[in-house]
4 protein chains.
Amino acid sequence: MYPKFSSLEPEKKERIIKAAIKEFARSGYERASTNEIIKEANIAKGSLFNYFHNKKELYLFLLDYIADFIEKIYDELDWDETDIFKRFKEIASTKFKMYNRFPQAFDFLQAIAQENALEVKSEIDKRMKKFVLDNGFERMCRNIDVTKFRDDIDIEKAMNIINWTALGFAEQQSDQVHSSEDFNVEQLKEWDRYLDLMKRCFYKKEENA
Amino acid sequence: MYPKFSSLEPEKKERIIKAAIKEFARSGYERASTNEIIKEANIAKGSLFNYFHNKKELYLFLLDYIADFIEKIYDELDWDETDIFKRFKEIASTKFKMYNRFPQAFDFLQAIAQENALEVKSEIDKRMKKFVLDNGFERMCRNIDVTKFRDDIDIEKAMNIINWTALGFAEQQSDQVHSSEDFNVEQLKEWDRYLDLMKRCFYKKEENA
Amino acid sequence: MYPKFSSLEPEKKERIIKAAIKEFARSGYERASTNEIIKEANIAKGSLFNYFHNKKELYLFLLDYIADFIEKIYDELDWDETDIFKRFKEIASTKFKMYNRFPQAFDFLQAIAQENALEVKSEIDKRMKKFVLDNGFERMCRNIDVTKFRDDIDIEKAMNIINWTALGFAEQQSDQVHSSEDFNVEQLKEWDRYLDLMKRCFYKKEENA
Amino acid sequence: MYPKFSSLEPEKKERIIKAAIKEFARSGYERASTNEIIKEANIAKGSLFNYFHNKKELYLFLLDYIADFIEKIYDELDWDETDIFKRFKEIASTKFKMYNRFPQAFDFLQAIAQENALEVKSEIDKRMKKFVLDNGFERMCRNIDVTKFRDDIDIEKAMNIINWTALGFAEQQSDQVHSSEDFNVEQLKEWDRYLDLMKRCFYKKEENA
DNA sequence: TATGAATGAGTCTTCATTCAT
DNA sequence: TATGAATGAAGACTCATTCAT
């Protein structure tokens with residue numbers, strides 16, 4: 001894909017990736033300044049355009065890079081767990097770990113979700129929708145034991161509600177925290193309470209016994 | 001406020017408003033091009049700056065304009081209805097009408113919520129937060145009869161779930177529709193089914209009798 | 001010359017002239033704002049361009065207007081006085097009166113002298129040089145009794161020195177005063193001392209007896 | 001200071017300096033067009049703003065550049081000469097050389113002295129007043145042997161007259177020449193005659209013996 | 001391969017002048 | 001005749017991208 005960039009020394013690659021993610025997260029695609037990235041990464045003006053033909057290509061590379069990152073997270077999940085609430089609980093704690101490993105990724109993901117620039121919007125849709133817009137909702141719902149749900153409720157709808165609640169909760173928390181000590185245990189507990197509430201409501205009585 | 005613009009012929013005012021909303025919705029504040037607005041509205045370069053002193057003033061005008069628009073919608077709602085699901089149902093059908101009257105407003109609202117530009121961010125917070133960030137969640141939950149909820153669930157959490165579901169559903173639908181024949185009756189029916197599901201789950205049995 | 005302007009009611013004419021002189025004096029030709037003149041004179045945008053075809057024509061009119069004003073001052077002088085120092089003394093006190101009658105004229109004259117704008121520079125040279133650059137030096141030196149000067153000095157040079165000294169003194173004073181109580185008696189006395197000094201130096205001994 | 005500009009090839013630097021001085025001299029600070037400078041210097045639009053952050057910085061650079069130039073001239077003068085007329089004679093011939101080396105400097109200096117733009121006025125005062133407003137009058141009068149003057153004349157006034165005469169003569173000559181073959185020997189001789197005249201008038205008899 | 005100076009299309013904004021009413 | 005909204009050329013300045021070294 002990006003042979004010139006790939007064959008760079010890893011330390012330099014990382015510097016460029018971090019700088020670019022930081023700048024794109026802060027300013028969005030159009031407003032992001034290649035000058036700022038160059039300065040932060042401590043490379044020459046021309047170099048960036050040697051590695052990537054233009055700003056868009058750099059952005060698309062980062063899109064793929066972040067997608068790979070998320071993919072790896074997903075790979076760590078136990079997809080054999082068939083209880084949806086246990087799975088969502090696991091996802092949350094995995095996100096928690098992920099955040100501490102690579103916090104900028106979250107800011108960038110949020111920026112991607114909010115990106116308006118026409119030039120890259122379609123590419124985002126193509127590559128990232130599954131991760132960004134619904135956190136891989138389809139995948140998350142695969143192999144779920146639907147027999148636990150109450151018979152009188154539409155399972156697809158229930159799953160949507162669970163997912164939207166997860167997204168809503170995440171956004172609410174990120175608004176509240178915003179760069180303090182980040183994700184914390186109390187937030188995980190609060191999320192547990194949401195999951196419990198929904199479990200009590202959506203599962204058959206005997207499942208909640 | 002904006003006397004020169006106000007005294008314009010309505011047809012021209014509307015052309016300018018529509019063009020500006022379209023451009024700001026598409027590109028955000030910073031990247032939005034006054035040239036594009038001028039071209040789309042079919043007015044002269046200087047005219048825009050006769051009506052509004054600068055780009056920011058135009059944007060702030062649109063902020064107020066859209067706030068007024070939403071306020072009018074809210075005023076039409078029956079705030080004496082204490083059943084949360086009936087209220088959310090009414091809100092949905094009101095949004096439905098609103099969308100058909102002024103579809104661009106929705107795109108612009110989304111753009112406002114995502115706006116990063118420092119120059120206007122504080123103004124957005126000042127004027128729009130109540131509408132944009134939580135769709136007036138607080139207001140929506142005021143005067144709600146909470147005795148109908150099951151005793152074993154946290155009411156605040158339940159309300160959050162209802163709200164996040166509303167937001168999630170709206171986004172899902174708008175993604176699916178995206179400028180075709182707009183909101184339609186089928187979507188309203190589907191939303192009813194979501195509300196019914198949640199009602200069955202969150203309310204006491206007798207309320208669902 | 002400017003028939004439309006001339007047939008205006010005098011009160012309105014004066015308002016426009018004062019406003020224009022004030023603005024041109026403050027900002028120079030290019031930078032002067034017709035908007036400012038219009039606002040100050042309390043007339044409509046289009047009116048100014050009815051009376052004068054464009055900014056340049058207005059400026060040229062003011063040039064002539066101020067030239068007439070100066071001409072009137074000169075007409076009041078006693079050109080039969082043949083002693084150059086007495087004449088320069090009279091000129092100074094006439095300027096003194098003139099300043100109190102129409103102070104803006106001086107600021108405008110200074111602005112004219114400093115005007116750089118290509119568009120009007122040649123016109124200034126054509127019409128105003130005699131007044132501005134040398135205060136009508138030629139005229140001032142006409143009919144002077146040159147026999148009073150020492151025989152060993154070049155009369156033309158002596159007269160130049162007297163004139164340059166007058167100009168230098170005027171500029172020095174205007175720098176020092178700069179919009180306080182304007183010209184004052186002390187300044188006139190100091191100027192007398194300069195004239196006395198030069199008289200003692202340039203005139204024959206018997207003239208200073 | 002201005003590292004990007006400083007490290008340019010000298011030929012290009014000179015082209016830019018000449019073009020900028022020409023434009024600022026012709027039009028003053030505000031009205032001077034960076035487009036014009038760019039065209040005249042044959043560089044790209046963006047280049048000028050790579051070298052200097054903005055128009056003001058370019059102007060301030062020129063201010064310092066011209067100040068250095070004048071300073072060098074002054075340094076060449078013999079400040080141990082205590083006879084004021086000899087000193088003024090030397091100044092004139094130094095100016096003569098200076099003019100032939102860098103004629104535009106004179107026009108620019110005149111423009112600086114007449115500059116009205118608020119944005120740069122205070123900077124001019126800070127850096128240039130000593131050179132511009134009085135041609136370093138104070139400095140010129142330092143270390144002068146005042147005992148040679150006649151006892152019956154005010155020495156400060158006499159010095160002012162000499163200085164104003166110098167300024168007046170310079171302006172008269174520059175008006176007459178105005179970009180032809182520049183300063184010439186005849187002008188220097190004429191200036192000598194003025195100095196002789198004043199010496200005969202202001203000095204004691206024995207000094208003129 | 002790495003560099004960073006050079007490029008110029010594009011940005012918002014101003015203002016003298018025109019012209020329909 | 002008086003009006004002021006409309007016009008658009010010109011202003012300073014930005015920044016992704018190119019290219020000679």
Side-chain angles (χ1 to χ4, degrees), chain A residues 4-5 7-8 12 29-39 43-59 119, chain B residues 3-5 7-9 12 27 29-38 42-58 119, chain C residues 4-5 7-8 12 29-39 43-59 119, chain D residues 3-5 7-9 12 27 29-38 42-58 119:
Chain A
K4 288 190 185 163
F5 181 72
S7 52
L8 243 44
K12 191 174 196 174
Y29 175 72
E30 304 256 25
R31 177 80 180 154
S33 163
T34 53
N35 274 337
E36 211 54 45
I37 294 169
I38 282 153
K39 227 190 297 168
I43 58 169
K45 189 100 199 222
S47 292
L48 190 67
F49 293 93
N50 284 342
Y51 310 146
F52 303 99
H53 200 243
N54 52 35
K55 192 182 183 179
K56 187 178 177 182
E57 219 173 89
L58 167 60
Y59 191 81
E119 224 180 332
Chain B
K4 290 208 178 143
F5 181 71
S7 53
L8 243 45
E9 39 176 336
K12 192 173 200 173
S27 309
Y29 175 72
E30 304 244 31
R31 180 67 183 165
S33 165
T34 52
N35 279 343
E36 213 54 47
I37 294 169
I38 283 155
N42 199 31
I43 58 170
K45 198 97 192 225
S47 291
L48 189 68
F49 294 93
N50 281 343
Y51 309 146
F52 304 99
H53 204 242
N54 53 36
K55 190 182 182 178
K56 188 178 177 182
E57 219 174 86
L58 167 60
E119 218 181 336
Chain C
K4 286 191 186 165
F5 181 73
S7 53
L8 242 44
K12 191 173 197 175
Y29 175 72
E30 304 256 24
R31 178 78 179 154
S33 163
T34 52
N35 273 337
E36 213 53 47
I37 294 170
I38 283 154
K39 227 191 297 169
I43 58 169
K45 189 97 199 223
S47 293
L48 190 68
F49 293 93
N50 284 341
Y51 310 146
F52 303 99
H53 201 244
N54 52 35
K55 192 181 181 178
K56 188 178 177 182
E57 218 173 89
L58 166 61
Y59 191 81
E119 225 180 330
Chain D
K4 290 206 178 144
F5 181 72
S7 53
L8 243 44
E9 40 176 336
K12 191 174 201 171
S27 309
Y29 175 73
E30 303 244 33
R31 180 68 182 165
S33 165
T34 53
N35 281 342
E36 213 54 46
I37 293 169
I38 283 155
N42 199 30
I43 58 171
K45 196 98 192 225
S47 291
L48 188 68
F49 294 95
N50 281 343
Y51 309 146
F52 304 99
H53 203 243
N54 51 38
K55 190 182 182 177
K56 186 178 177 181
E57 219 174 86
L58 166 60
E119 221 181 335

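Please read these numbers as outputs of a predicted model, since none were measured by experiment. Within every chain, numbering begins at 1; the chains are lettered A, B, ... in the order of the sequence lines, protein sequences first and strands thereafter.
- A:Phe52 comes within contact range of no nucleotide atom at all, as no heavy-atom separation falls under 4.0 Å.
- Both D:Ala44 and B:Gly46 lie near DNA chain E, and the one whose nearest nucleotide falls closer to the 5' end is D:Ala44.
- Contact annotation: the side chain of B:Phe5 never approaches that of B:Asn50 to less than 4.5 Å [non-hydrogen atoms, C-beta and beyond].
- In this structure, the separation between OH on A:Tyr51 and CD1 on A:Ile43 is 5.5 Å, given to the nearest 0.5 Å.
- The residues D:Glu9 and D:Lys12 are annotated as not salt-bridged, no charged nitrogen and carboxylate oxygen being separated by less than 4.0 angstrom.
- At a cut-off of 3.5 angstrom, counting only N and O atoms as typed in the model, there is no donor on one side facing an acceptor on the other between the side-chain of A:Lys4 and the base of E:dT1.
- Between D:Asn35 and F:dA10 there is no side-chain N or O to OP1 or OP2 distance below 4.0 Å.
- Put simply, the side chain of C:Arg31 does not reach to within 4.5 Å of the side chain of D:Arg31, judged on heavy atoms.
- Rounding to whole angstrom units, CD1 of residue D:Ile38 and P of E:dA9 are separated by 13 Å.
- Heavy atoms of B:Lys12 sit under 4.0 angstrom from primed sugar atoms or phosphate atoms, though from no base atom.
- In DNA chain F, runs of at least 3 stacked Watson-Crick or G-U pairs (N1-N3 plus N6-O4 or O6-N4, or N1-O2 plus O6-N3, all under 3.5 Å) give these stems: E:2-21 with F:2-21.
- A close approach under 4.0 Å does occur between a side-chain nitrogen or oxygen of D:Lys55 and OP1 or OP2 of F:dA12.
- Two residues are said to be in side-chain contact when any heavy atoms from C-beta on lie closer than 4.5 Å; B:Asn54 and B:Glu57 meet this criterion.
- When the nearest nucleotides of DNA chain F are assigned to A:Phe49 and B:Ser47 by heavy-atom distance, the more 5′-ward of the two goes with B:Ser47.
- Heavy-atom nearest nucleotides on DNA chain E were determined for B:Glu36 and for A:Lys45, and the one closer to the 5' end corresponds to A:Lys45.
- Whole-Å rounding puts the C:Leu48 CG to E:dC19 P distance at 17 Å.
- Across the interface with DNA chain F, nearest-nucleotide mapping of D:Thr34 and B:Ser7 shows B:Ser7 to be the residue nearer the 5′ end.
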**OP:** Walk me through it: do C:Lys45 and C:Asn35 pass the test side chain to side chain donor-acceptor pair (under 3.5 Å)?
**Re:** CA-CA 7 Å; C:Lys45 189 97 199 223; C:Asn35 273 337; 2.6 Å; yes
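- Atom CG of A:Leu8 is separated from atom P of E:dT3 by 10 Å (rounded to the nearest Å).
- A straight line from CZ of D:Arg31 to C1' of E:dC15 spans 10 Å, rounded to a whole angstrom.
- Going from atom CD of C:Glu57 over to atom P of E:dT18 covers 11 Å, rounded to whole Å.
- Formation of a donor-acceptor pair under 3.5 Å by the A:Lys4 side chain with backbone atoms of A:Phe49 is not found in this model.
- Taking atom NZ on C:Lys56 and atom C1' on E:dC15, their separation rounds to 18 Å, with Å as the unit.
- Taking the six-membered ring where the residue is Trp, A:Tyr29 and A:Tyr59 present perpendicular rings, their angle passing 60° and hence far from 30°.
- If you check every strand for non-hydrogen atoms under 4.0 Å, B:Asn50 touches a base.
- At E:dT1, none of the side-chain N or O atoms of A:Tyr51 fall inside 4.0 Å of OP1 or OP2 (strictly under the cut-off).
- In this structure, CG of A:Asn54 is placed 14 Å from C1' of F:dC15, rounded to the nearest angstrom.
- As rounded to whole Å, 14 Å separates atom P of F:dC13 from atom CD1 of D:Ile43.
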